[in-house]
Amino acid sequence: MAESDNIIVETAEKIFADLADPQTINNDRKDSWQAPLWQALSESGLTLSWVPDDLGGSGASLADGFALLNAAGRFAVAVPLAETMLAGWLLTQAKITSPEGEMTVLPASPRDRITLDANGALSGRARGVPFAKAAKHFAVLAHGKDGASIALVDAAKARIEAGLNVGYDHSDTVTLDKVQPVAIKPAPKGFDQTNLMLMGGVARSLQIAGALESMLDISVRYSNERVAFEKKISKFQAVQHNLARLAGESAAALAAATSAADAIANAKSFDDEVYLEAASAKIRCAEAAEKGGAIAHQVHGAIGFTMEHILHRYSLRALAWRDDFGSESHWAVELGKLVASRGADELWPLVASR
Amino acid sequence: MTAALRFDPIRLPEKCEQLRKEVRAFLAEEIAAGTFDPHKPNREDIDAPEFSRRVGAKGWLGMTWPKKYGGQERSFLERYVVTEEMRVANAPTRRFFVADRQSGPVLLKYAPEHIKMDILPRICRGEICFAIGMSEPNSGSDLFAAKTRATKTDGGYLINGTKIWTSSAHIADYMIAIFRTSPPTKENRRHGLTQFLVKMKQPGIQVNPIGQITGQYEFNEVVFTDFFVPDDHVLGEVDGAWKQATSELAYERSGPERFLETYYVLTELVRAVGPNPDTRSAEGIGRLVAQLHTMRRMSVSVAGMLEAGKEPVVEASIVKDIGTVWEQQLPHRVRDLAAFVEETATNRETLERQLDFAIKTAPKLTIQGGTTEVLRGIIARGLGLR
């Protein structure tokens with residue numbers, strides 16, 4: 001997925017290159033880049049790639065959608081592309097038609113819960129919801145006495161407390177107080193909040209991996225330009241070894257994320273193998289964001305710590321994305337419990353399952 | 001440039017999973033028969049010639065080689081699965097592993113036909129053991145610094161000098177070694193080294209064991225004194241061994257043996273914490289499993305590249321770098337987590353014994369098969385920094 005090898009990624013990369021150049025975005029303090037970028041993405045059907053034609057989308061495969069998210073990560077784009085794609089995917093699980101415009105999903109944390117009451121109204125609080133402030137609709141996973149339901153909610157009906165994540169993107173608290181949804185249907189049998197979190201986690205993993213690829217690129221380039229002590233810093237062995245470690249972290253993140261995406265795209269259900277893949281991807285990518293980001297900043301020195309430089313567009317977003325749909329600590333505990341409950345002698349068979 | 005760091009999510013084909021079941025069944029029988037104890041990685045009987053023959057009889061040695069040399073013409077991915085299962089079970093593979101992974105492929109590529117016909121079938125039957133003679137006193141990872149001389153004489157070469165850190169030389173039947181046939185040139189520091197097939201257990205070779213900090217004997221010093229090697233035992237180009245030696249390293253660097261050497265302590269920790277671990281243990285195990293899983297997926301991906309005939313030098317170096325750092329840290333992380341294992345855990349003693357051995361094993365893991373520093377140099381070259 002590192003190169004554009006399909007039409008969806010090619011289309012997206014063209015749009016990103018034209019309308020989401022990191023330096024242009026960085027210099028634009030009014031965020032006036034967002035509207036044309038969003039318009040181009042939605043006009044080409046990319047924002048609803050995971051929604052089939054008959055439900056209002058463009059019907060791309062899961063695999064192509066994941067590749068698109070990886071490309072979006074390489075540009076660290078801060079528009080609700082992943083969120084709208086995930087919302088469309090969630091609505092599609094219940095065969096609810098996706099509306100036009102920006103969407104996001106709730107809950108975005110495994111610890112929050114939205115409930116459905118007997119009157120068909122939704123209540124609950126969801127924290128850390130990415131781009132809630134920008135969304136026109138929410139795709140909501142709710143729990144009632146008959147199990148899980150999927151609902152489409154008009155964002156105007158919710159109370160939104162704006163917040164920012166460490167990457168300066170909106171990460172808001174959404175409160176639903178007996179909100180009547182625009183549409184609601186039962187979730188498919190077996191579909192639960194964990195599935196949504198795993199799917200969201202893999203989306204974030206691909207974005208983090210993409211951001212790391214770009215961090216590696218710009219760090220290598222910078223090390224070949226910057227001269228210190230009368231040498232290019234790329235000639236210092238210590239710098240080379242740091243960059244080799246960054247390459248390793250970037251490669252590990254991409255490998256974990258693409259493997260998990262491949263597992264989900266080809267699985268019939270969210271079984272233990274998909275769980276291993278998706279949870280591992282989120283854990284490993286989050287670790288790579290921490291280690292890799294630190295190295296990228298180290299290589300760049302003070303210039304990389306400034307708002308003027310584009311490095312923070314990648315490093316801070318990669319760090320922020322760790323928190324969405326379950327942090328690495330959350331998934332590590334859950335994966336550890338899964339492994340322990342299956343027993344010691346089942347660990348290797350699980351790891352070696354594909 | 002990022003394209004070079006692509007690890008496609010290869011899936012092992014169905015025939016691999018079938019083979020995996022066969023290997024597991026075979027290993028279970030061997031364990032039941034008392035050939036080895038999978039919970040005791042620090043066993044004394046590290047050399048198991050009979051086990052080696054039984055593995056050969058299964059067709060699991062030289063699996064990818066042509067049938068006329070005793071091979072099975074199976075895929076590299078099938079071989080991968082066999083290696084994984086042997087390693088995870090702590091099977092005693094010392095006698096055959098080097099021959100299967102490295103020496104056999106070198107012979108296939110560079111040895112004259114009559115030598116291939118003689119030696120390769122014996123490797124496939126698990127009858128013979130190989131050592132690799134690369135390092136010398138004061139050379140180590142710096143292969144250019146090798147000084148052991150091969151001097152031309154009638155019908156062959158006379159070898160004088162010393163190899164060191166040579167694993168298994170004390171049980172090996174053959175060694176594939178690099179000797180200096182000419183001095184390096186000013187233009188090419190890599191010039192002047194030649195690869196030879198050496199028949200061990202002959203006059204003129206003395207093998208002196210070197211104890212390791214694990215308490216095991218695996219390393220040796222190998223001293224050559226006017227040792228004769230016939231002309232037809234030259235492998236490949238005279239003075240041109242550098243390229244030959246390095247092109248094989250992707251196989252050595254990316255395999256499952258590069259992240260599973262201390263794996264057993266993780267299984268034992270999971271056993272010790274039981275089905276309902278506390279939060280701290282669960283989190284620790286979860287992180288370790290996520291890292292293991294990611295490395296394995298990268299390693300399988302490189303196996304797929306090798307199967308496809310690519311030369312994933314940088315990718316293999318990344319897998320070895322991340323893999324050996326992981327397997328080196330693993331016993332220490334397991335030790336951290338084991339501090340709170342209940343005194344009553346039935347396998348507590350096994351876990352402690354394993355940790356004792358794994359902690360002693362750990363320091364070598366980032367050294368063997370190319371040090372971390374050398375690998376990071378290769379990765380840096382791949383990034384265009386050198």
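Lettering of chains follows the sequences in order, A, B, ..., and the numbering in each one begins at 1. Predicted, not measured: the structure shown is a model, and the values here were computed from it.
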Checklist entry - Which residue out of A:R342, A:E334, A:E277 racks up the most heavy-atom pairs below 4.5 Å with chain B? => result A:E277
Checklist entry - Near A:Q237 CD, under 6.0 Å, is it more than 12 heavy atoms from other residues, nucleotides or ligands? => result no
Checklist entry - Do we see a donor-acceptor contact under 3.5 Å between the side chains of A:E287 and B:Q291? => result yes
Item to check | Interface moiety of B:L337 toward chain A, non-hydrogen atoms closer than 4.5 Å | outcome: neither
Item to check | Region of B:R297 in contact with chain A, defined by heavy-atom distances below 4.5 Å | outcome: side chain
Checklist outcome for this item: CH2 of A:W348 to CD of B:E85, rounded to nearest 0.5 Å, is 6.5 Å
Next on the checklist: The criterion is side-chain hydrogen bond (donor to acceptor under 3.5 Å, both in side chains); which residues satisfy it with B:D142, sequence neighbours excluded?
Outcome noted: none
Next on the checklist: If you count heavy-atom pairs within less than 4.5 Å of chain B, which of A:S341, A:G343, A:A260 leads?
Outcome noted: A:S341
Checklist entry - Above 12 or not: heavy atoms from other molecules or residues under 6.0 Å from CZ of B:R74? => result yes
Item to check | Atom pair CG/CD1 of A:L347 and B:I285 - distance to nearest 0.5 Å | outcome: 9.0 Å
Item to check | Least distance between heavy atoms, A:V351 atom then B:R296 atom | outcome: O-NH1, 3.3 Å
Checklist entry - Is the count of non-hydrogen atoms from other residues, nucleotides or ligands lying under 6.0 Å from A:Q298 atom CD greater than 12? => result no
Item to check | No-hydrogen, no-angle side-chain donor-acceptor test under 3.5 Å, A:R284 and B:T294 | outcome: no
Checklist entry - If you round to the nearest 0.5 Å, how far is CZ of B:R6 from CG of A:L254? => result 8.5 Å
Checklist entry - So, for A:A252 and B:I322, which heavy atoms are closest and what is the spacing to 0.1 Å? => result CB-CD1, 4.2 Å
Next on the checklist: Please report the interatomic distance OG(A:S353) to CZ(B:R11), rounded to the nearest 0.5 Å.
Outcome noted: 10.0 Å
Next on the checklist: Looking at every non-hydrogen atom in both residues, tell me the closest pair between A:A247 and B:I379 and how far apart they are.
Outcome noted: CB-CG2, 4.1 Å
Next on the checklist: For a side-chain contact (heavy atoms from CB on, under 4.5 Å) check, start with the C-alpha distance between B:R287 and A:E328, then their side-chain angles and the critical distance, and finish with the verdict.
Outcome noted: CA-CA 8 Å; B:R287 282 188 189 260; A:E328 67 272 32; 3.5 Å; yes
Checklist entry - Rounded to the nearest 0.5 Å, how far apart are CZ of A:R245 and CD1 of B:I318? => result 13.0 Å
Item to check | Residues in residues 267-284 of chain B near chain A [non-hydrogen atoms, under 4.5 Å] | outcome: B:T267, B:V270, B:R271, B:G274, B:P275, B:P277, B:T279, B:A282, B:E283
Item to check | Spatial distance of atom CG (A:L212) from atom CG (B:L5) [nearest 0.5 Å] | outcome: 11.5 Å
Item to check | Which atom of B:R24 lies closest to which atom of A:P349, heavy atoms considered | outcome: NH2-CA, 3.7 Å
Next on the checklist: For B:A380 versus A:A244, what's the shortest heavy-atom pair and its separation?
Outcome noted: N-CB, 4.4 Å
Checklist entry - Would you find more than 12 non-hydrogen atoms of other residues, nucleotides or ligands less than 6.0 Å from B:R386 atom CZ? => result yes
Item to check | Interface moiety of B:L385 toward chain A, non-hydrogen atoms closer than 4.5 Å | outcome: both
Next on the checklist: Heavy-atom pairs under 4.5 Å with chain A: which of B:A290, B:P13, B:P256 has the most?
Outcome noted: B:A290
Checklist entry - Do B:E17 and A:R354 sit within salt-bridge range, that is, some charged N less than 4.0 Å from a carboxylate O? => result no
Item to check | Under 4.5 Å from a heavy atom of chain B, the part of A:S223 involved | outcome: side chain
